[in-house]
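To start, the structure itself, in structure tokens.
Every number for a ligand or one of its atoms is a count from 1 in the order of the listing.
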Amino acid sequence: MELKITCIPGDGIGPEIVAEAKKVLNKTVEKFGHSIQYTDILMGGASIDVHGVPLTDEAIATAKSADAVLMGSIGGDTTTSPWYKLEPSLRPEAGLLKIRKELNLFANLRPAILYDELAGACPLKEEISKAGFDMMIMRELTGGLYFGERKTVTENGVRKAIDTLTYNEEEIRRIAIKGFDIARKRKKKVTSVDKANVLDSSRLWRAVVEEVAKDYPDVTLEHMLVDNCAMQLVKNPAQFDVILTENMFGDILSDEASMVTGSIGMLASASLNDSKFGLYEPSHGSAPDIAGKNIANPIATILSAAMMLRFTFDLDKEADAIEAAVKQVLKEGYRTVDIMSEGCTQVSCSEMGDLLVERI
Ligand code: NAD
């Protein structure tokens, strides 16, 4: 198979971690008899510096012509970088919102897994962390509060800001279907998270999710209020399989779940549309504080590349090979600085990439 992949190295540590992911991908496809055609595009600060905008229409067209997009991360230091003196629509993150909207990437998948070898990094009490956890947060990505109408006005000398949270039943139905489909390949449980005791958008969410659930009698559905879910993630994370939720709740809960693993450099993500197309990127940001030092952990990006093989190309064996290599290097005690612990061997970003390549 020939894989057409558009890469967005991006800003900060982005170019370093994408280089390692490409190394691992190249070895994997070579071993399994495939080939890859890469095209790079600029996005975020890197695009602002060259084109004055965080994402050009040409870059979007290139991304659309590929089967999948592999991204590092974008953005700079939000207090010191000149990119953040630009008006909001020209800042690095505007590129990310634009590509998600243009590619219709409405479903965001973020696995939060506690690896046995990294259990010590989990900030929870041992009596909770020893149960382990492996959950998938499925977040709606193109609707809700972040895309609703917004304005700031002054009324009688008082400034007032208004944001609008809107969902229609089609937006809810398509993400719910994705959530149930994924649950079917896992432990067959969906926890739908909302604020149905207060918000109309949540009451519609709950009603539509229940309609969809009728087509999945083999999957258990439960509803949970978002404030309870935030608590349950630290009290009993093992209870979750697929957490299905809207945009802003998912933004916050997925970051909370990441922190509960204690290893932000390990967490992959995928954003999918109705077809097999997806954008794959680590859950973390561009880490400007460590950019250019060859110390970043490339594993989140490498595991994102594995998700790409699995979800876009249906290359499950190839994805398994990458995930097994990651488990193997952890077992052998190799760690980048962010996950380093006593008795382990500290390696750089590129050394971690090399170790993984050797184990594919
Ligand atoms: P961050 O995730 O970049 O960094 C938080 C902390 O985690 C930092 O100390 C960093 O050094 C560390 N870290 C992150 N990834 C790491 C890795 N792979 N290996 C080792 N350590 C790692 O979050 P931030 O500092 O809040 O944001 C920095 C920039 O990234 C901002 O401009 C923000 O807007 C942007 N950002 C981009 C994305 C994206 O591209 N999707 C996501 C989140 C943040």
Evaluate the 4.0 Å heavy atom contact test for [atom]: does a protein atom fall under the cut-off?
atom: atom 43 (C) of ligand 1; result: yes
atom: atom 26 (O) of ligand 1; result: no
atom: atom 2 (O) of ligand 1; result: yes
atom: atom 15 (N) of ligand 1; result: yes

(Q) For V29, give me all partners under side-chain contact (heavy atoms from CB on, under 4.5 Å), at least two apart in sequence or on another chain. (A)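 Listed in chain order: L3, H34, I36.
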Q | Residues in side-chain contact (heavy atoms from CB on, under 4.5 Å) contact with E155, at least two apart in sequence or another chain | A |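 By the side-chain contact (heavy atoms from CB on, under 4.5 Å) rule, E155 matches V153, K160.
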So if I count the atoms of ligand 1 from 1 in the order they appear, which ones are less than 4.0 Å from some heavy atom of [X]?
X: G75; answer: 32 (O)
X: P288; answer: 28 (C)
X: A296; answer: 19 (N)

**Q.** Selection from I295, N297, T301, I74 by shortest heavy-atom distance to atom 40 (O) of ligand 1
**A.**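 Considering heavy atoms of I295, N297, T301, I74, the nearest to atom 40 (O) of ligand 1 sits in I74.
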Q: Decide whether an N or O pair under 3.5 Å exists between D289 and ligand 1.
A: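 It does: an N or O of D289 is found under 3.5 Å from an N or O of ligand 1.
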Q: Look only at interatomic distance and state if I17 has a nitrogen or oxygen under 3.5 Å from any nitrogen or oxygen of ligand 1.
A: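 No, there is no polar N/O contact under 3.5 Å.
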